[in-house]
Amino acid sequence: MENEKEKILEAVYFYFQNQKYKKAIKILKKEIINFPDDVDLLYNLAILYESVNEFDKARDFFKKVLELDKNNEDAKKHLEKLINR
Amino acid sequence: MENKKVFAVIGLGSFGYTVATKLSEKGYEVMAIDKDENKIDDISNKVTHAIQLNALDEKSLKEIGFTDVDIVIIAIKELATSILLSSFLKEELKIKLVIAKANDVKHGKVLEKVGVDRIIYTEIESAEHLASTLITPSIFDIIELSPTYNLVEIKAPEPFLGKTIEEIDIRKRFDINIIAIKRNQPTEGEDFKLNFEQTTIISPSPKERIIEGDILVILGLKEHLEKIEKL
């Protein structure tokens, strides 16, 4: 799984850097169906939603990250910013 | 600090209190007035002068004189007091700029008649603002610049994506101007962890390409902006 996850994350990173956010979201959503508790995947999806200004979805995924990893400082920071919008 | 405007805020409910303290935080001289001693205590160390006074006490108002005050803001809910005070400040004390908060349109109309220069409808304005942003979720913010002109922050509409401002021909087609673009710029991260920072492109060139995630800051006539919002 680790190998496959790495490949997915790499592809998502590539599309993100090239500002092809929707494409990156599509890939991640598909992968999250198979690995619904993977913090790295969930966190990146939240960031992607935030990048395209879909704040409700971004909030939901940052919350999910924090349910699984309550000390995730980055997720906390982003969630706080989104709640104060 | 010289030539900075001096303000007086009369009525220290939540609106008046916020206006007074914000102006003071920005370094302006503010005279805050209310008849309630507790309210004066609350604000006394946050503004230049805090004065306990009944706004209908004409003698004391005359004594204060407001000679150095450039702008008076009346934030009194009580109808009669707000109207009498407005008229007194305009006619007797000849204050150049009086701004008053109106509870509703009727109140506003009377304030207009007694010479108030600018009327603020806080409730109506915030309700309209909320309604517009709820109906059109692509709108993030609206600033009314005049009865006909708005400044809006809007999510870049789908048909604009991938095109330059020139290609969209936004000025000709919609008769509006994009004055800034807020863009989420990806930054590098370790282990494929995504991150971005928001940048603002002021006065974007016609060659600037609109991309996913962009927020456009647009200036235009309200009716023209509505066309964009519906895209």
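Heavy atoms only: backbone and side chains are in, while hydrogens, waters and symmetry mates are out. Just so it is clear: chains get the letters A, B, ... in the order the sequence lines come, proteins before strands, and each one is counted from 1.
With hydrogens and angles ignored, the 3.5 Å screen pairs a side-chain donor or acceptor of B:Glu212 with a backbone N or O of A:Tyr21.
Only the backbone of B:Asp214 comes within contact range of chain A, with at least one heavy atom under 4.5 Å from a heavy atom of that chain. The contact between A:Asp74 and chain B is made entirely by side chain atoms (from C-beta outward), counting heavy-atom distances below 4.5 Å. Contact annotation for A:Asn53: both backbone and side-chain heavy atoms come within less than 4.5 Å of a heavy atom of chain B. Proximity to chain B involves both the backbone and the side chain of A:Phe16, based on heavy atoms less than 4.5 angstrom apart. Heavy atoms closer than 4.5 Å to chain A are found in both the backbone and the side chain of B:Glu188.
Your options are B:Ile211, B:Asn184, B:Leu194, and the one with the most heavy-atom pairs under 4.5 Å with chain A is B:Leu194. With chain B as partner, the option from A:Asn44, A:Leu48, A:Val52 having the largest number of non-hydrogen pairs under 4.5 angstrom is A:Asn44.
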I would like to know whether A:His78 and B:Asn195 meet side-chain contact (heavy atoms from CB on, under 4.5 Å); could you show each step before the answer?
CA-CA 10 Å; A:His78 280 274; B:Asn195 207 1; 4.0 Å; yes
Dump the intermediate steps for side-chain contact (heavy atoms from CB on, under 4.5 Å) on B:Arg209 and A:Gln19, then the final yes or no.
CA-CA 12 Å; B:Arg209 205 170 285 281; A:Gln19 293 167 309; over 6 Å; no
Could you go through A:Ile47 and B:Phe196, starting from their C-alpha distance and side-chain angles, then the distance that decides it, and tell me whether this counts as side-chain contact (heavy atoms from CB on, under 4.5 Å)?
CA-CA 8 Å; A:Ile47 291 282; B:Phe196 65 87; 3.8 Å; yes
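When the options A:Tyr15, A:Phe14, A:Tyr13 are evaluated for a ring pair (Phe, Tyr, Trp, His ring centres under 6.0 Å) with B:Phe192, the one that passes is A:Tyr13.
Going from atom CG of B:Asp191 over to atom CD of A:Glu6 covers 7.5 Å, rounded to the nearest 0.5 Å. Interatomic distance, OG of A:Ser51 versus CZ of B:Arg183, reported as 13.0 Å (0.5 Å rounding).
Under a 4.0 Å N-O distance rule, the pair A:Lys22/B:Glu158 qualifies as a salt bridge.
For A:Lys76, the NZ atom counts as densely surrounded, since its 6.0 Å shell holds more than 12 non-hydrogen atoms of other residues, nucleotides or ligands. Within a 6.0 Å sphere centred on NZ of A:Lys20, other residues, nucleotides and ligands contribute 12 heavy atoms or fewer. Counting heavy-atom neighbours within 6.0 Å of B:Lys193 NZ, excluding the residue itself, gives a total above 12. No more than 12 heavy atoms of other residues, nucleotides or ligands lie within 6.0 Å of CD in B:Glu123, so this atom counts as exposed by the packing criterion. Heavy-atom contacts from other residues, nucleotides or ligands closer than 6.0 Å to NZ of B:Lys46 number more than 12.
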